[in-house]
Amino acid sequence: MVRQVMAVVNKHETKEEKAIRQEAIKSIKNGPKINKKPPTSLDRVGKAEYRRLIALLADSVSALDENILATYCATYSAIVACQKAIKSDGTILDSGKINPAVKQMDALTKTLRSLANDLGLTPQARLKMAWNNAKQEDNSDPFKALVKS
């Protein structure tokens, strides 16, 4: 993703390094576009989440991100299924044991959080990307600040 290319940079760059990074960003932007149709492997909930995210991330994702996005949506769908099972059966089953859906939901939530971070969906990931983008602005020209005002 373009935003992630920007987020990787955390040091002062030479002009050559800056040019290489800008070229990489152009190649990503001009790369293959992500399929706006959800993969057929997703269920109804996953497809709805895919459509929702594609509308929000349209310019930020490419075809290379499609599997990550599909996995995020499948994981989200599985969490929704766990929530339904917990709602209907409770957190503790009649046998006195913890509902397996509780443990499964915990593991899925960790996976979802990791995928969300990769896609730039968490506030922390967006803040990091915005911070890195702001740091990359060329502040060497003293008149640039005047033009922005």
Side-chain angles (χ1 to χ4, degrees), residues 1-89 91 99-141 143-149:
M1 293 190 324
V2 174
R3 292 189 291 178
Q4 285 183 328
V5 169
M6 296 298 291
V8 169
V9 179
N10 59 7
K11 65 175 181 102
H12 178 68
E13 291 180 311
T14 65
K15 287 181 181 180
E16 291 173 15
E17 290 171 329
K18 223 179 235 188
I20 290 169
R21 182 176 47 79
Q22 292 299 334
E23 199 58 40
I25 291 169
K26 273 190 219 176
S27 71
I28 290 173
K29 281 184 178 179
N30 297 331
K33 301 295 181 202
I34 192 166
N35 191 355
K36 299 217 187 261
K37 256 182 100 176
T40 56
S41 60
L42 293 174
D43 64 7
R44 184 183 54 79
V45 173
K47 286 179 181 178
E49 182 67 358
Y50 188 94
R51 285 186 204 99
R52 184 183 78 84
L53 290 175
I54 280 292
L56 297 171
L57 298 172
D59 296 334
S60 307
V61 291
S62 73
L64 296 172
D65 303 313
E66 192 169 340
N67 287 335
I68 295 172
L69 184 58
T71 302
Y72 176 93
C73 295
T75 304
Y76 173 80
S77 178
I79 289 172
V80 170
C82 287
Q83 289 171 331
K84 288 178 183 177
I86 293 168
K87 187 175 182 179
S88 69
D89 301 335
T91 53
N99 188 337
V102 173
K103 288 182 182 177
Q104 185 179 10
M105 189 167 119
D106 182 48
L108 289 167
T109 302
K110 289 175 185 170
T111 301
L112 189 77
R113 189 177 315 122
S114 174
L115 292 166
N117 209 18
D118 290 346
L119 290 166
L121 298 176
T122 64
Q124 185 177 5
R126 288 191 307 274
L127 182 60
K128 182 178 179 182
M129 289 174 196
W131 174 258
N132 283 316
N133 286 340
K135 281 182 12 183
Q136 294 310 311
E137 288 185 12
D138 185 13
N139 295 322
S140 60
D141 185 0
F143 297 106
K144 190 172 186 175
L146 296 174
V147 174
K148 281 187 176 181
S149 302

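Throughout, numbering of the chain's residues begins at 1 and tracks the sequence.
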Quiz prompt | Distance, nearest 0.5 Å, that separates CD1 of I54 from NZ of K47 | solution = 14.5 Å
Quiz prompt | Approximate separation, where rounding is to 0.5 Å, of L69 CG and L57 CG | solution = 7.0 Å
Quiz item: Below 4.5 Å, heavy atoms only, C-beta onward: do L56 and L121 meet side chain to side chain?
Solution: no
Exercise. Indicate the atoms forming the closest heavy-atom contact of I34 with E66, along with that distance.
Key: CD1-CA, 3.8 Å
Quiz prompt | Point-to-point distance, once rounded to the nearest 0.5 Å, from CG of L119 to OG1 of T71 | solution = 9.5 Å
Quiz item: Do any N or O atoms from the side chain of D65 and from the backbone of S62 form a donor-acceptor pair under 3.5 angstrom?
Solution: yes
Self-check item: Shortest non-hydrogen separation from A63 to K33 and the atoms involved
Solution: CB-O, 3.6 Å
Quiz item: side-chain hydrogen bond (donor to acceptor under 3.5 Å, both in side chains) with R51: which residues, sequence neighbours excluded?
Solution: none
Quiz prompt | Any donor-acceptor pair under 3.5 Å from S77 side chain to C73 backbone | solution = no
Practice problem: Calculate, to the nearest 0.5 Å, the distance between atoms CG and CG belonging to L115 and N67 respectively. | Solution: 11.0 Å
Self-check item: With sequence neighbours excluded, residues passing salt bridge (Lys or Arg N to Asp or Glu O under 4.0 Å) with K110
Solution: D106
Exercise. Please indicate whether Y72 has more than 12 foreign heavy atoms, meaning atoms of other residues, nucleotides or ligands, lying under 6.0 Å from its OH.
Key: yes
Quiz prompt | Derivation of the side-chain contact (heavy atoms from CB on, under 4.5 Å) call for I68 and V61 | solution = CA-CA 10 Å; I68 295 172; V61 291; over 6 Å; no
Quiz item: What distance separates L108 CG from K103 NZ, expressed to the nearest 0.5 Å?
Solution: 14.0 Å
Quiz item: How many angstroms lie between atom NZ of K87 and atom SG of C82, to the nearest 0.5 angstrom?
Solution: 15.0 Å
Exercise. Quick one: closest heavy-atom pair of R113 and T122, and the distance?
Key: O-CG2, 4.5 Å
